Amino acid sequence: MPRILPRSFYARPTVDVARALLGKLIVHDQAEGPRIGRIVETEAYLGASDPAAHAYRGMTPRTRVLFGPPGHAYVYLIYGMYHCLNVVAEKEGSSGCVLIRAIEPVENVASPGNGRAGNGPGKLTRALGITLQHYGADLTQGPLTIREPATKSAPFKIGVSPRIGIREAVDWPLRFFVTENPHVSRRR
DNA sequence: CCGCGGATCTTCT
DNA sequence: GAAGATCCGCGGA
């Protein structure tokens, strides 16, 4: 099995984690077998210094996990309908996190109908079976982990752009994606 | 192709 | 009580 990323991977600046997560594998073990997707798009949310971040206004019941140790999952429900998966970064006490915005299907990730399965933050959680029950899950052990691919993937270029769907700090270049990958989310 | 609105509900004010 | 780190389908051009 591919190697699980250690907690030290997440205990560094949020932007570094957001870039380093590109190409890594999200593995969700299920009874029927592991669902696996390759991360191809991320966004960095910097915490206390970032007006677009959920943690910007301080700790609430929802954002509690953001202030804890790195390498845990921050899952929340958006628009009453979709879940979004974030990875807690920085050392404990800081509240930076990385939103996973798109995956490339690798294993057991079904495409519904004609659309793609993982090209959007709400769609990839549905494809991987991630829900609020994964709030706070430790990504270095247990059924939900992030891993280094077993076989080295081909080198790729990282594209940078402003983040999508936010009202504050709209120009900050904190979205990162694998260039020319068809599973990156569509432009607005 | 583009823009608009509806779905749906938790969270915080 | 309103807004929200979304997505899809509809209608018009």
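What you see is a predicted model, and the numbers here were worked out from it, not measured in a lab. The chains referred to below are lettered A, B, ... by the order of the sequence lines, with proteins before strands, and numbering in each begins at 1.
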What parts of residues 90-98 of chain A reach DNA chain B, counting only heavy atoms under 4.0 Å away?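 When residues 90-98 of chain A is checked for heavy atoms under 4.0 Å from DNA chain B, there are no hits whatsoever.
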Nearest non-hydrogen partners of V160(A) and P173(A), listed with the distance: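 For V160(A) and P173(A), the tightest heavy-atom pair comes out as CG1-O, 3.6 Å.
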Looking only at heavy atoms, which two atoms of C84(A) and L99(A) are closest? And how far apart?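 Smallest heavy-atom distance, with atoms named: CB-CD1, 4.0 Å.
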Sequence-distant partners of T14(A), side-chain hydrogen bond (donor to acceptor under 3.5 Å, both in side chains), two or more places apart: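 E90(A).
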Partner of I100(A) by side-chain contact (heavy atoms from CB on, under 4.5 Å), out of N86(A), I130(A), T42(A):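 It is T42(A); the other options fail the test.
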Write down the distance between [atom1] ([X]) and [atom2] ([N]), rounded to a whole number of angstrom.
{"X": "N86(A)", "N": "dA5(C)", "atom1": "CG", "atom2": "C1'", "answer": "8 Å"}
{"X": "E43(A)", "N": "dA5(C)", "atom1": "CD", "atom2": "P", "answer": "11 Å"}
{"X": "E168(A)", "N": "dA3(C)", "atom1": "CD", "atom2": "P", "answer": "14 Å"}
{"X": "W172(A)", "N": "dA5(C)", "atom1": "CH2", "atom2": "P", "answer": "15 Å"}
{"X": "I164(A)", "N": "dC7(C)", "atom1": "CD1", "atom2": "C1'", "answer": "13 Å"}
{"X": "N119(A)", "N": "dT6(C)", "atom1": "CG", "atom2": "P", "answer": "13 Å"}
{"X": "R116(A)", "N": "dT6(C)", "atom1": "CZ", "atom2": "C1'", "answer": "19 Å"}
{"X": "L85(A)", "N": "dT6(C)", "atom1": "CG", "atom2": "P", "answer": "14 Å"}

Distance below 4.0 Å between R101(A) side-chain N/O and dT6(C) OP1 or OP2: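 It does, given that an N or O in the side chain of R101(A) lies less than 4.0 Å from OP1 or OP2 of dT6(C).
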I'd like to know if D29(A) and R35(A) make a salt bridge, using a cut-off of under 4.0 Å between side-chain N and carboxylate O.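 Judged by the 4.0 Å cut-off on N to carboxylate O distance, D29(A) and R35(A) do not form a salt bridge.
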Between R101(A) and E43(A), does any side-chain N to carboxylate O distance fall below 4.0 Å?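 Result for this pair is yes, salt bridge flagged.
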Using a 3.5 Å limit on both pairing distances, list the dot-bracket string of DNA chain C from the 5' end; Watson-Crick and G-U wobble pairs count, crossing pairs take [ ], interstrand pairs take |. ||||.|||||||.
Pull out every protein N or O sitting under 3.5 Å from an N or O of nucleotides 8-13 of chain B, one pair per line with the distance.
from	atom 1	to	atom 2	distance (Å)
dT8(B)	O2	Y79(A)	O	2.3
dC12(B)	OP1	T60(A)	OG1	2.1

Which pairs, with at least one residue in residues 10-24 of chain A and sequence neighbours excluded, count as a salt bridge (charged side-chain N to carboxylate O under 4.0 Å, His left out)?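 Qualifying pairs, neighbours excluded: K24(A)-E148(A).
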Hydrophobic side-chain clustering at under 4.5 Å (ILVMFWY, transitive links): who's grouped with I4(A)? Put none if nobody.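 Its cluster mates, by chain and number: none.
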Is it true that a side-chain atom of S94(A) and a backbone atom of G96(A) form a donor plus acceptor pair closer than 3.5 Å?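 The answer is no, because no donor-acceptor pair under 3.5 Å joins these two groups.
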H72(A) side-chain N/O to G136(A) backbone N/O, donor-acceptor pair under 3.5 Å: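 It does hold such a pair.
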How long is the span from the OH atom in Y45(A) to the CZ atom in R163(A), to the nearest 0.5 Å?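 Separation between the atoms: 5.0 Å.
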